[in-house]
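Report on the following structure.
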Amino acid sequence: MDVSHILDELNDAQRDAVTSDDQYLLVLAGAGSGKTRVLVHRVAWQIQAQGINPYSVLAVTFTNKAASEMSQRIQAMLQNPVPELWCGTFHGIAHRTLKMFYKEAHLPSGFSVIDADDQLRIVKRIMKDEKLDDALWPPKQIQWLMNSWKEEGKRAKSINAGNDLQKKAALQVYTQYEKKCIDEGLVDFAELLLKSFELVKDNAVVKAYFHKRFTSVLVDEFQDTNTIQFKWLLEILSKDTFVTAVGDDDQSIYGWRGARAENILGFEKNFKPAKTVRLEQNYRSTSVILDAANALISNNQNRLGKNLWTDSNKGEPITLYQAYHEQDEARYIADTIKNWMNSGGSYGEAAVIYRSNAQSRAIEEALLRIRIPYRIYGGTRFYERLEIKNAISYMKLAFNPADNLSFERAISNPPRGIGQKTLQNIRDASIKFGTSNFSAAGRMSQEGLLPTKAKNSIDTFLAFIEDIKNNLTELSLSETIDRLINFSGLIELYEKEKGEKGKTRIENLEELVTAAKIFEDDFPRDAALKDIAQTFLDNVSLDAGDAQASAHEDAVQLMTLHSAKGLEFPLVFISGLEETLFPHIRSMDSPDQLEEERRLCYVGITRAKQKLYITYAEIRKIHGSDVFNPPSRFIREIPPELMDEVRPRASVTMSFERKATQAPKDFKISEGISLGQRVAHKKFGQGIVLNYEGAGDSARVQINFDNVGSKWLVLSFANLEVL
DNA sequence: GTATTATACCCTTCT
DNA sequence: GGTATAATAC
C-alpha cells in the first residue's frame, strides 16, 4: 500500500515521531507544533504501513471535543470509517469498560453516572444523617477531599485521616458515600476511573481482554493525566503494547483536578527504553504572538524547558484594550468582530475566551445587540440546567429504581403534595425495609402506612414512572420524553414561573426532545428502544452537551480558557485580564497555582493564529457590586513593544452609558470622599477607602482600617472624617 | 403538612 | 445573579 500521503507535509521531527518503531514513544510538543497531527498520522501509519488492526488501537484524550475531532481526522486520513477503533476520553473509555463488564465490576446493568452536582447533594444528605456540621466542614470541601482520594486511587478503608478533623469528617462521609453509591447503583466521575482501574487490576479476564486486544495505545495531553489514570494505563498495557504519549508541560492546566505534569517525567521512568521526540516549531501563530507567549511563560520556574520558534512572519501587534467596564469591553469585542467580518473574515474564525463562565453573559448581550451569531461552549451545560435535570430524573428513575436521588427529584418536581415530612417517612421506611425509596413508597402505600392524600399522589406518581417504562417498548426515546414533560406537570410548573425564565425553561425542555431525536437518529433501525434510551442517559452525564448549538452555522466561538485548549482561531480575544479574575483570586496565594494560571494564559495566547486582542475592564460587577481591579500581572509580562494600547473613545462611551464616563480613580463617592482617600472613624480609627457600592443614602464603602482591618460601612451613618 | 415567599449566602476551571 | 434554606402563609 502506498503510504506516502501519510508522510507528506510533515517536518523531520514530526516524521520521526510518526514512523518511529520504538515501543515507547514520548512526544514533547509545544503549542501549535502539530501535536494532534502527529497523533493522527501515527495511527494511520500503524494501521496502513505496519498493518496493525484498527480494532487493536486505543486512543485516549481528555475532552469529548478532542476525542471526536481526533476520530474524525483519523477516519478522513484513512478514507475509511473505523468504528472498531477505540477513541475516547478516559472517562468515556472507563464507562464503556464498566458497561461491558458490569457483572465483574459488581454493578447493576442499569447503573447511572452522576455529575458533580448530584454528588454534592449526596454529600450534604450524608452530612445531615451523620450529624456533621456543614458550617464547620463545607460540603464542597468534603466533596473535594473525597474526590482527591479517589483520584489517588484510595478507598475509604485504606485511608488514615490521622488527627486532621476535617479529614476525619471527610473520611466518615466517604465511607457512607461508598455504601450509598453501591446500594443505589450510582457511579460518579472519579469512580468511573477508580472502579475500572480496580477491575483491570484485579480481574484476570478483564485484564486479559485489554492485553490481548490492544497492540497500540496513544494518549493525548499526557500532562493532564492524574494518578489514577496513569495507574490505569499501566494496568491495561501488556509487555508488548506500543505506547505513544503526547504532551506539553507548559499546557498543564488541570492540576486542580489531580493532574500531575510529572507523569511526563514518569513516562521515561516507567517505560524503558523510551524514545523522546521534541516538536518545537510552531506552525500556528505569527511571531509576535509566539514571542508574547514565550515571554509570558518564561516567568514560570517549574518547567521542563523548551524553545518554541516559528519562521512565519511578524504579523500584527497584539491589541490591548482598556475598557471602562465589562459592557464596554464586550461592546468593543463585538464591534471588532463586526469589522473583521466586514473586511472579509467569517464569524467562525473568531473566538472570545475568558477565565470563568460567568463572564460570558456580557459578551453574549453585546453580540446579540448587533446580531452576531455565536456559539457557546460549556457554561451551565445544557444537561445541568434545573429543568433538564428534573425531566431526566424521571427517565433515570424508570431505568434504575434504586436511584434515590432521582426519586426525590422527580417526586418533588413539580410539587405534588409530597413534602419533606413524607419524604423523610419514605427514607426511614426504606432503611427499615432495606429497599430503595421507590419500592419503599410502593410498599407503604399498599400497607396503608400513608395518609390518604399522600397515598393518592404517590400512587399516581408510581404509576406514571411505570408508564414511562412501558412506553419505551413502543414509543421512541424522543416521544417518551415528549410525553413525559407534558404529562409530568413540568410544563405547567414553568408556565407559572413569571418572566422570561419560565419561557426559556420550557424552550429548553423542547430542546431536550430535539436532542433526543437527533440522538436516536444515529442508531440503526433495529436497535432496541430501551437500549437507545439507556445510552442516551449515560451520554447526558458524560457529554458536556455542546450538541445543542447549530454546529454548522458560521458563529463566533465563546469559551473558557480550559475548553479552548487544543483549538486554534485566526482571531482571538482574551477578555477580563484583571487581578483576582485572571489570575483568579483563589489561585493567587500559592505559587504553584499561580504558575498554573500563567500556563492557562499561555494556552490562551497560543490559540491565536493571526491577531490577538487582550482586554480588561476597570470596573467589573461581581455578584452585583462594582469592583475595581488592577490590570492582570500577565499583561506586564508581555513585552510592551509587542502590544498596541487602545483606550475607549470618549464619544463612544458617552453615548453608551453615562456611568461609564465616571472614571473610577477620581470618582467622588460622596462629598470629599473618593477611592484611596484616607479617612477616620470614631470607633475604628484611621483607614483608607478601598471600594464602594450603591449611591446616595444607601451607598456603602469598604474601608481598610489600620488597626481593625477591612470593613463595609453605610456611608450616611459612618460619619467619616476626611483626612 | 405542604406551598409560597423572603432572606442568606455562595461564587473557577472539566469529566 | 442564582439557588438553597428558613420563616410564614395556606
Side-chain angles (χ1 to χ4, degrees), chain A residues 60-67 88-95 113-117 119-121 124 128 134-135 138-140 144 147 150-151 187-193 221 224-226 228-229 252-259 353-362 377-381 383-386 389 412 414-425 450-454 457 493 496-498 501 538-546 559-565 576 580-588 593 596-597 599-601 603-604 621-625 627:
Chain A
V60 196
T61 65
F62 277 80
T63 61
N64 294 303
K65 212 188 303 164
T89 63
F90 274 101
H91 291 86
I93 286 163
H95 178 248
V113 180
I114 59 170
D115 62 21
D117 203 55
Q119 188 185 40
L120 185 61
R121 255 169 243 277
K124 282 183 181 162
K128 210 170 245 165
D134 59 358
K140 275 226 163 119
W144 187 84
N147 282 334
K150 288 189 161 202
E151 277 153 7
V187 178
D188 62 52
F189 290 135
E191 184 71 23
L192 283 170
L193 300 174
E221 310 280 14
D224 288 334
T225 49
N226 62 27
I228 192 71
Q229 288 161 336
S252 155
I253 54 175
Y254 286 101
W256 53 275
R257 211 176 70 183
I353 309 178
Y354 35 78
R355 174 69 236 265
S356 66
N357 286 305
Q359 284 167 255
S360 71
R361 187 180 306 122
Y377 287 92
T380 323
R381 290 176 170 61
Y383 294 113
E384 280 170 14
R385 287 169 201 274
L386 194 69
K389 290 198 84 162
S412 337
R416 43 168 63 79
I418 306 296
Q420 279 312 307
K421 199 78 189 179
T422 311
L423 229 42
Q424 191 55 50
N425 285 340
L450 291 166
T452 336
K453 220 177 122 195
S457 27
L493 174 71
K496 271 189 295 187
E497 204 169 353
K498 48 190 174 293
K501 217 158 84 195
D538 293 337
N539 267 49
V540 162
S541 305
L542 278 173
D543 186 348
D546 50 38
M559 66 194 83
T560 63
L561 286 147
H562 282 89
S563 32
K565 188 160 71 152
T580 74
L581 229 188
F582 189 28
H584 194 274
I585 190 160
R586 310 270 278 237
S587 307
M588 277 168 62
Q593 288 183 36
E596 182 152 313
E597 294 282 311
R599 289 193 293 271
L600 206 45
C601 189
V603 167
K621 267 212 168 38
I622 310 260
H623 325 308
S625 57
V627 175

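Every chain is numbered from 1, with letters handed out A, B, ... down the list of sequences.
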ask   = Can you check side-chain hydrogen bond (donor to acceptor under 3.5 Å, both in side chains) on A:Q119 and A:D188, steps first, answer last?
value = CA-CA 7 Å; A:Q119 188 185 40; A:D188 62 52; 3.2 Å; yes
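Side-chain N/O atoms of A:R121 include one lying less than 4.0 angstrom from OP1 or OP2 on C:dA4. Put simply, A:S563 has no side-chain N or O that comes within less than 4.0 Å of OP1 or OP2 on B:dT13. An OP1 or OP2 oxygen of B:dC11 is reached within less than 4.0 angstrom by no side-chain nitrogen or oxygen of A:S356. Here A:N357 reaches the OP1 or OP2 of B:dC14: one of its side-chain N or O atoms lies under 4.0 Å away.
Counting all heavy atoms, side chain and backbone alike, A:T422 lies closest to A:A454 at CG2-CB, 4.2 Å.
Judged as a ring pair (Phe, Tyr, Trp, His ring centres under 6.0 Å), and not counting sequence neighbours, the contacts of A:H562 are A:Y254, A:W256. Listed by chain and number, the residues in a ring pair (Phe, Tyr, Trp, His ring centres under 6.0 Å) with A:F62 are A:F90 (sequence neighbours excluded). By the ring pair (Phe, Tyr, Trp, His ring centres under 6.0 Å) test, A:W144 pairs with no residue at all, sequence neighbours left out. For A:P138, the side chain to side chain contact (heavy atoms under 4.5 Å, CB included) criterion is met by A:Q141, not counting sequence neighbours.
Looking at heavy-atom distances under 4.0 Å, A:R599 makes no contact with the nucleic acid at all. A:F90 comes within contact range of no nucleotide atom at all, as no heavy-atom separation falls under 4.0 Å.
If you measure from atom CG of A:N147 to atom C1' of B:dC14, you get 12 Å, rounded to the nearest angstrom. Here the C1' atom of nucleotide B:dT12 and the CD1 atom of A:I585 are 12 Å apart, to the nearest Å. Atoms NZ (A:K150) and P (B:dC14) sit 21 Å apart, rounded to a whole Å. In this structure, A:I353 places its CD1 atom 14 Å from C1' of B:dT13, rounding to the nearest Å. As a whole-Å value, the separation of A:L600 CG from B:dC14 C1' is 12 Å. With rounding to whole Å, A:L561 atom CG is found 13 Å from B:dC14 atom C1'. Taking atom CD of A:E597 as the reference point, atom P of B:dT13 lies 11 Å away to the nearest angstrom. In this structure, A:Q359 atom CD and C:dG1 atom P are separated by 15 Å, rounded to whole Å.
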Would you tabulate the nitrogen or oxygen pairs shorter than 3.5 Å linking the protein to nucleotides 5-10 of chain C?
none

Considering only nitrogen or oxygen atoms on both sides, find all protein atoms under 3.5 Å from nucleotides 1-4 of chain B and state each distance.
unit_1: B:dT2; atom_1: OP1; unit_2: A:G419; atom_2: N; d: 3.2
unit_1: B:dT2; atom_1: OP1; unit_2: A:T422; atom_2: OG1; d: 2.3
unit_1: B:dT2; atom_1: OP2; unit_2: A:K421; atom_2: N; d: 3.3
unit_1: B:dA3; atom_1: OP1; unit_2: A:G417; atom_2: N; d: 2.7

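A:V603 is not listed as a side-chain neighbour of A:L561, based on a closest heavy-atom distance of 4.5 Å or more. Counting only heavy atoms from C-beta outward, the side chains of A:H91 and A:V113 never approach each other to under 4.5 Å.
Applying the 5.5 angstrom centroid cut-off and the 30 degree plane-angle cut-off, the aromatic ring of A:H562 is not stacked upon the base of B:dT13. By the 5.5 Å and 30° criteria, A:W256 is not stacked with the base of B:dT12.
Separating the OG1 atom in A:T89 from the NE2 atom in A:H95 is a distance of 10.5 Å, to the nearest 0.5 Å.
Between A:F62 and A:Q593, it is A:Q593 whose nearest contact on DNA chain B lies nearer the 5' terminus.
None of A:R586, A:M588, A:R355 except one satisfies the side-chain contact (heavy atoms from CB on, under 4.5 Å) rule with A:E597; the exception is A:R355.
Residue A:R586 places no side-chain atom within donor-acceptor reach of the base of B:dT12, judged by atom type and a 3.5 Å distance cut-off alone.
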